[in-house]
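We count ligands from 1, going down the list as the structure has it; atoms in each ligand are counted the same way.
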Amino acid sequence: MSDYSVGTKCLHSGYVPTNGEPRQVPIIQSTTFKYDSSDYMGALFDLEATGYFYTRLQNPTNDNVAAKICDLEGGYAAMLTSSGQAANFFAVFNMCETGGHVLASSSIYGGTYNLFGTTLKKMGIDCTFVDQNLSYEELCKFIQPNTKCVFAESVTNPTVNVLDIEKFAKLAHDNGIPLIIDNTFATPINCQPIKWGADIVTHSTTKYMDGHGVHVGGAIIDSGNFDWMASADKFPGLTTPDESYHGITYAEKFGKAAFITKATVQLMRDLGSIQSPQNAFYLQMGLESLHVRMERHCANAQKVAEYLISDERVAWVNYPGLESDPYHAMAVKYMPKGTCGVMCFGIKGTREQANKFMDSLKLVSIATHVADAKSCILHPASHTHRQLSDEQLREAGVAPDLMRLSIGLEDADDLINDIKQALDQI
Ligand SMILES: *Cc1c(COP(=O)(O)O)cnc(C)c1O
């Protein structure tokens, strides 16, 4: 499929039916798969034969959908996970063990911030959060001998900062470690981080990829480009024998597929965070229109952002599509088709007035969700980022008055009128 443009891939990559097969990806709602011989089944468990045996590890529906996402991102291998949280956890834990260290942007999604800053710490993995706008030289100072990866979001949730992906790729590669990019907000329609040097890409498929708010899911895509053996001492999990598979060494036996194979047969086997085939089917339905929806999300968001910045009751607006935005140039470089439909802004006035504004919206709903067909709004300091301290909020660039507005697929004029009438209420 790789010669087609990204929109065509949204429809046709991943699953290609042969004569008489279902046109749409079939939902294989089966926990298990039948084999004729005990020996063959044994070979499957030894990873000596290929085939499905238990859906906790792999399922054909999931694999079809993962293959589509893989092709969209220009990756080598991919897998689905039960959530975006699971995708980021698996991506990091697949290369990083107790005693390791992760260098992450401080502007990442609140859930990932908690995962890295609190839960990974309990597992003996340390994380340093850094300002992603520091210079290459300044960032290098945060790399430690035990640093296993660099992690950032191509467009940050909720602050919509655009990452200098090339700078981060250089930071990682000069230190013999991979770069993981969470590409949830930009989607592969607007940005393909692997082209800019990312080694692993993750997604919360819950967001634009699904696009209709019907499933929670995640994905991990491996470029296949990182040479684990070249930094073998840093990544023993991939470069030394796995006793739970009679001494298989993933990087030797599976080459470019080592990372996804290990995450599937070892981490999924042991931690079990597979996406359900039914959810993978919903995801597949969303992916078929992703390219059409992203265009509309971006066009709508551009109109709303331009309106907001022109209304004197609005204190500030962050949207990389605005020429005045500090990330505009970065967005033009990495995401020439647009960034996403999410923006953030603050209004002049008190916290109570902001609440009154949100409560007065009729079309835009107050919801924890983001990147959905229907517009929604949220106040991160009271909602998604509630568990973060004031200090952590400042570090993440989340201002106390910041409202995250996710622009859907409605008519832009109706959204603008809704915002106007809500501003009139305060
Ligand atoms: C939502 C989100 C996640 C977490 O995904 P879930 O599917 O909710 O677990 C991770 N990263 C980003 C950028 C997100 O927006």
Please state whether the rings of W228 and F259 are parallel, tilted or perpendicular, taking 30° and 60° as the class boundaries.
parallel
In the protein, what heavy atom is nearest to atom 12 (C) of ligand 1, and what distance, to one decimal place, separates them?
D182 OD2, 3.4 Å
Show the atoms of ligand 1 that are less than 4.0 angstrom away from any heavy atom in G217.
7 (O)
For the residue pair Q132 / S105, report whether a side-chain donor-acceptor contact shorter than 3.5 Å exists.
yes
Suppose I only count heavy atoms of F185 and a 4.0 Å limit; which atoms of ligand 1 are within that range?
15 (O)
Are K207 and Y109 in a cation-pi setup, meaning NZ or CZ lies under 6.0 angstrom from the ring centre and within 45 degrees of the ring axis?
yes
To which protein heavy atom is atom 14 (C) of ligand 1 closest, and what is the distance rounded to 0.1 Å?
K207 NZ, 2.9 Å
Quick note on ligand 1: atoms under 4.0 Å from a heavy atom of N157 include exactly 14 (C), 15 (O)
Considering only protein heavy atoms, which is closest to atom 7 (O) of ligand 1, and at what distance to one decimal place?
T206 OG1, 2.6 Å
Enumerate the atoms of ligand 1 whose separation from the nearest heavy atom of Q85 is less than 4.0 angstrom.
4 (C), 5 (O), 6 (P), 9 (O)
Check the side chains of Q85 and N88 for a donor-acceptor pair under 3.5 angstrom, ignoring hydrogens and angles.
no
How close does the nearest protein non-hydrogen atom get to atom 8 (O) of ligand 1, and which residue and atom is it?
S204 OG, 4.1 Å
Considering heavy atoms of the protein only, find what lies nearest to atom 6 (P) of ligand 1 and give residue, atom and distance to 0.1 Å.
G84 N, 3.3 Å
Under 4.0 Å from a heavy atom of T184: which atoms of ligand 1 are those, numbered in the order shown and with their elements?
12 (C), 13 (C), 15 (O)
Is the shortest distance from a heavy atom of A86 to ligand 1 less than 4.0 Å?
no
For T368 and H383: C-alpha separation, side-chain torsions, deciding distance, then whether side-chain hydrogen bond (donor to acceptor under 3.5 Å, both in side chains) applies.
CA-CA 7 Å; T368 313; H383 306 137; over 6 Å; no
Sort out for me which residue in V65, N62, I28 forms a side chain to side chain contact (heavy atoms under 4.5 Å, CB included) with P277.
N62
Classify the ring geometry of Y334 against W196: parallel below 30°, tilted from 30° to 60°, perpendicular beyond 60°.
perpendicular
So is R404 actually on top of F345's ring, under 6.0 Å and inside 45° of the axis?
no
